[in-house]
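I have placed the structure first, in the form of structure tokens, so that the comments after it can refer back to it.
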Amino acid sequence: MMRILYIVHQFLPEFATGTERVTMNIARTQQRNGHSVDVLTCSMRGPSYWHGEERGLRLAAVEGLRIFALPRELFGNATEFGMDSSAKAASIISKFFNRNTYDVVHVMHPMRMLDAIDIIASRAIPYIITLTDFFALCWRINLKRLDASFCDGPKGGRACNSLCVDHLATHDRLASRLHRLTAVMSNATDIVACSDFVAEVFRREYPDLTIRVRGHGVELPLYEPAMRRNNQNSIVFGYIGTLSEAKGIHVLIEAFKYAEVEARLEIVGSSYGNDEFLARLHALSGPGVRIHDAIEHRDIPRALKSYDIFCLPSLVPETFSLALHEGFAAGLPALVSDTGWPAREVETAACGKTVPVGDVKAWSEAIRDIVRHPDMLGQWQNNIPLQARIEEESFFYDQLYRRASSNAAVF
Amino acid sequence: MKTLDQITSDHREKVADKWASYIREYEHLFAPFRDEPVAILEVGVQNGGSLELWGEYFARATVVVGCDIDPACESLQFKTDRIHVVTGDANTAQCARRIAAISQSFDIIIDDGSHTSRDIIALFSRYFGLLKDDGLYVVEDLHCSYWKDYEGGLFYPYSSTSFLKALTDILNHEHWGIPRQRRELLIKYSDHYGVDFDEDVLAHIHSITFFNSLCVIQKANHRSGGLGRRRVTGNEANVYGEILPLMGSKSVSPDQEMEPWTRYAFSSEEQLISRINELDMSRHELERRIEELSQSLLGGAGQLDALRTTLAARDDELDKLRNALSARDGELDELRTALRARDGALESFGQRLAATTGEVLTLRRALTMREGQMAEYANRSALLDRLLASRSMRMTRPFRFVGRLLRGEWSLVLAGLRSTLGRYPSIAGVIARAAAMIRNPKAALRSLTMRHIVRAANMMRGRPPPQFISLESGSRLRHNSSFMTIVHLAKLFNARNARKAITYLRSGQLRLLLARARDLFIQTKSTHSSCSPSRDDGYLTSHPELTSAPKPLLDTVVSVVIPTYNGGPEFYWLIRKLRQQKGLRGIEIIVVDSGSTDDTTIVAGTLGCKVICIPKAQFSHSFSRNRGAEEARGDLLLFTVQDAHPIGDYWLYGLALCLLQPRGEGRLTAVSCTEYSRYDSEVLYDALINTHYNFLACRDRDRVGVFIGGTQIELRTQGQLSDVACLIHRDVFDKYKFEGRYAEDLTLGIRLIRDGHRIAMLSSIPVIHSHRRPADYYLRRVFVDVLFLADIFPDFVFPQLDSIQGALIAASTLYKALPKVMPSVDVSPDQALRLVIKKLQRWTPPNTNEHLREQEDFGFPPFGSWVARVAGTTRNMNPASVEQSVSRFKAAFLGRLSELESYIGGVYSTLDGSLTSEINDAVEKTLAMTLGAQIAFLYLAVKSGTHIDADSGLVMEVRDLLVEGV
């Protein structure tokens, strides 16, 4: 039995987006297999979400997991993006580690939590880091520069210094951040990327580091074998996930409207308080478009079952997209932006279509094309790859934890 | 002789009414007839004045007939009998006959009737035939034909003037150049007014003379009429000489047959009329439609007005609602103000509450500490009780007694005597037992249990005694590797096994023993120094996907055998996952289905599996798997279950590699996987599987099983295979096959190791599998497990129970008394469960059999029915036996709960709603498991003949009930 701590930039009960759900899945499965598990995160949305506070940390329990959260108000924006440290936060975390011992720590996302990782390293607690996005390389997280163009990597910080400097990200801070995150990467017992797409970018920056690749698992038993769609019914295009500008939902809705087809578009998700964007989506939507609130993750298979194709119109390069893979588990082919890992997956497996990112006209034409030729859906469906289960991903990490917490090499 | 004008001027009798121009023209027209004996007809008499004028002017006239529609004219009296008046409508046949009765023909006919076009034309058609040749037909007052009231109009095609004009064409009939009758030209009048014209009469028209408002048609004999012959006179034709030969010739009209203006059936005017009529009809239709639309519009306007009215009413209501809303807003503002005031008060209360809560928390922590101390005391007390009740204590009691005697501890001696006398029926028993022990000290030494030896060994190492979990199946250790070491040590020190110990030492097992002893000490050290698990490398292999080592193709084919029954979606995913396995030359999947009612067989067939269907009644774990293996063609056989799921795409490759190319020494015959619990598993299952794998020594390592001895512990720990996933050489399996109705995997493993094979349980390459089962499943499962252990292992020791009623009363009353764990942020999950255990420790059973009648059936109604039958036998209950059984049941149940508490304490730190629910379920299921075990012990006792009473028959019956479906 091991004592495992998960560190993640945000978590339930406040947020339940992809990374949080992946963390929950892994942690719960470790617990099911006899390990003691806690989560250390950052509280972004105030104390009302939490059961109490103890020694500077907010506390909650979700599905048998004990969650400790560092209040966000303790530190500034520079600390959030890893460009600075917070003495107050570091002090609270240090005391936390005095009270709680762990055999291994799993860093699911280092944003806002670099002070904690520094303390872990200083105490020689072995840790594993999973790269779910590009935060460790890019303070803007998604490799999208200040001028909105895409970046192919920081190139040892030179690209950041020339293209992404602003009042927050000064030259000094960028240098400090690079130094700090390089140490975080180097000190990790294992580094795991959620996709080849992420691994390749990091390998370019850190050619000496071994970066494993392990995709996220889905709760496969919840999904029934996919059925062939009835061609008599109008096609249902669907999206489940966060409703944010970066996800390109507005592009999808506009494109659907311009396509003027006999079909439906179902959007499910939370804007996490961004009411302005939500209002914009509602204003954009027309006939056939329905926007629903977020649903429990147990209800996602049922929602996906009512779709014919999953849409992922992200404006930034997605590194994995759990929702897309849940769509695959439900037997849904995909219509995705031609950037990031989803595009490569869809093209490799021929289980959907890629569309130029942010191009309303092209998305509109793609939607029309599918409505005109619904048989394509069946062909794509045949090519959908089998998805890994949560337990497969968890076992993979279980083995890494054993290795990290043991002097003897397991393999 | 007076002129007509003078006669008219001088006329003083009946009033006559003629236009001056008429008189002037008549003077010339009638002059040729004045002295002739003429007959005159005038239609339109009025006062009769004109008849008197005609009588005077035509002095020689034979008759002057007047006709008028006015009956008053009947009374007109004239001085001369030449004047006749006929009253009636001249356009009727009757009137015409009366006129004709007066005179057959007339020289002059004057139409001064109604002046309507209809009457003028009809009169002409009727009376022109009565006119003598050379006679005159006069129509007066034609100005009326331009007036609508007289059916006229300047361009009206059916006016009397129009008709009279048409007669000019009749007059020139001979020049038409087309063979068409005269009457045809008048057909429009015929059609319009319903009159008919005689062709021959029309041919008599000689001339037509129009005057102002007057028309005179002269009749002549048609044979004398016409253009006549050409008269050319004179002799000089210097300009146009060709004229001369025409002298005396007749007029010849050129053929106009083809000329459009001639050959038309109707004149352009008639066509125009037709079109006008059509247009008129259309106009009328349009007018009708317009009228209808106007009506509709009026109706619509009415509706619109109604809607406007409704809208106005709604506006009024809306205004009223707005006013009401404004009033409510006002009230809301007031309420908000009040609420803010309350918020302030609440905040104040909150602050006070926070202060109070702090104090409460402090007190609660103190209380928790006290409770912990009390629990510790209770545990120690229970331990002491068990120790005092143990066989060793009982057996060594005489020695202690003698020791105390020798040491002169008289008070203890007396207490011991009292206790002994209370325990045994007589002093004779004590003496008899002591004598027996003195007679056979070796037997007494052998009666020392493994537990005593282990405890002694641990005490020698200065380590706290390992936590024994009291299980009915014997003694089971939590730290299995320690346990096995101690087992070996015990063997060495046990006189009965001395020969075997020497055999071990000789056969090289000493090294294994020493290694295990080393493991024990390493583990002990590790356990005490940190919370990490064992750090030694106890793995035979590793999952291929965790290494970067190349994965060359294994030249082997694996046949996968899966028994199925209603496999559901998970079966589909399993088959797809198996199909995706890589690194092997081939994989075939054989599905043995025992009557699925869902689409399991369809899925299997669709995904390329070989499907064998067997009747449900034929199913047993052994039969179905053996049947599948018979069909297999692979080199290796993999037995798995329908709800398992391989980890990764090289899972089967990893198992096969371990079997074919094992790391370390020795060939393996079969390998099984440990189960990797699912995301949606349950805490009880996780705890049980954890205990089981600790027992097998494969929790954190791979275990190689070999034959080390024939005790049930040795065989179970070494021989365990698992059909959740078990890979075996086909040639070996064909020799052994599965046997038995259940635990076929364990018996196969035991048979293999007995024959010198080596088998392995791998935790390095596990398989995803776990269950969420209802309470009744646990009850039946434990029952079957105990029966199986007793069946397979002759040395399986089970406790003696005296009363089935006692066990059922204990289960029933405990079920009702089970305290519930509640969610709490202040209590850890194991603390909460410990509180439950503490409360249950204080529980005492009520001394009534009423509870048996309310026995819980654990969700298994047939079991409830059986219990009801047992309840009917309560009159046979022996109170002492019942009490003993209840006590044993409680101890067994609490032992199991302690084990669960230990597991939960190691894994869970916080008690939220979902875990609370799971723990409460787990406690109920643990109770069911305890009951299943107790019933099994009694069943075994009855079966072996060591327990016979009135309930024995009932106990035997329960077997089939509980075994079914497990």
Side-chain angles (χ1 to χ4, degrees), chain A residues 1-3 24-26 28-38 51-52 54 59-67 100-104 210 212 214 217 219-225 329 385-396 398-400 402-403 405-411, chain B residues 530-537 539 541-543 545-549 568-570 572-573 576-577 579-580 599 603 643 645-649 651 676-683 685-687 689-690 693 699-700 764 766 768 770 823 825 829 903 906-915 918:
Chain A
M1 189 270 281
M2 288 181 281
R3 284 180 56 84
M24 171 59 88
N25 292 343
I26 298 171
R28 278 285 284 163
T29 311
Q30 299 300 344
Q31 207 172 36
R32 285 295 183 204
N33 283 281
H35 301 304
S36 173
V37 171
D38 288 333
H51 299 160
E54 189 177 272
L59 304 176
V62 179
E63 293 191 40
L65 293 180
R66 192 165 54 162
I67 301 157
N100 299 281
T101 56
Y102 296 99
D103 298 310
V104 64
T210 300
R212 301 171 184 271
R214 182 78 220 185
E219 210 169 342
L220 209 51
L222 296 181
Y223 297 89
E224 293 175 1
L386 178 65
Q387 298 304 295
R389 282 175 62 151
I390 290 170
E391 295 88 350
E392 293 182 82
E393 183 186 12
S394 296
F395 171 74
F396 171 82
D398 175 282
Q399 297 294 294
L400 296 189
R402 287 176 195 278
R403 180 180 117 137
S405 64
S406 168
N407 292 327
V410 177
F411 44 83
Chain B
S530 82
C531 56
S532 302
S534 169
R535 288 172 185 270
D536 59 339
D537 181 6
Y539 294 99
T541 182
S542 60
H543 196 294
E545 288 171 47
L546 291 162
T547 70
S548 56
E570 292 179 34
Y572 167 80
W573 296 119
R576 283 200 61 189
K577 192 70 176 180
R579 285 268 168 249
Q580 196 166 289
D599 55 359
V603 167
D643 57 345
H645 196 87
I647 292 179
D649 295 344
W651 174 81
Y676 192 74
S677 281
R678 290 164 50 142
Y679 177 89
D680 57 354
S681 180
E682 63 171 328
V683 71
Y685 190 91
D686 300 338
I689 205 79
N690 181 68
Y693 289 154
R699 168 82 276 181
D700 296 316
S764 52
I768 299 167
S770 59
V825 293
Y903 175 79
V907 176
Y908 295 94
S909 328
T910 187
L911 191 58
D912 65 348
S914 64
L915 183 61
E918 276 197 54

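Naming convention: chains lettered A, B, ... in sequence-line order (proteins, then strands); numbering from 1 in each chain.
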Quick check on [X] against chain B: is it the side chain, the backbone, both or neither that has a heavy atom closer than 4.5 Å?
X	value
A:Glu393	neither
A:Ala329	backbone
A:Val104	neither
A:Thr210	neither

At a heavy-atom separation under 4.5 Å, does [X] approach chain A through its side chain, its backbone, both, or neither?
X	result
B:Pro646	backbone
B:Tyr572	side chain
B:Ser770	neither
B:Ser677	both
B:Glu918	side chain

Do the side chain of [X] and the main chain of [Y] share a donor and acceptor less than 3.5 angstrom apart?
X	Y	value
B:Trp573	A:Leu386	no
B:Trp651	B:His645	no
A:Gln399	A:Phe396	no
A:Asn33	A:Thr29	yes

Flag the pair [X] and [Y] as a salt bridge only when some basic side-chain nitrogen lies within less than 4.0 angstrom of an acidic carboxylate oxygen.
X	Y	result
A:Arg3	A:Asp103	no
B:Lys577	A:Glu392	yes
A:Arg402	B:Asp700	yes

Pick from A:Ile390, A:Leu220, A:Leu222 with the largest number of heavy-atom pairs that fall under 4.5 Å of chain B:
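Most pairs with chain B among the choices: A:Leu220.
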Flag the one option from A:Glu224, A:Gln31, A:Arg28, A:His51 with the top tally of heavy-atom pairs under 4.5 Å to chain B.
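The option with the most such pairs is A:Gln31.
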Taking every non-hydrogen pair under 4.5 Å, which of [options] racks up the most with chain A?
options	answer
B:Arg576, B:Glu570, B:Arg699	B:Arg576
B:Glu545, B:Gln580, B:Arg678, B:Glu682	B:Arg678
B:Gly648, B:Ser681, B:Ser548	B:Ser681

Partners passing side chain to side chain donor-acceptor pair (under 3.5 Å) against A:His35 (at least two apart in sequence or in another chain)
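Listed in chain order: A:Asp398.
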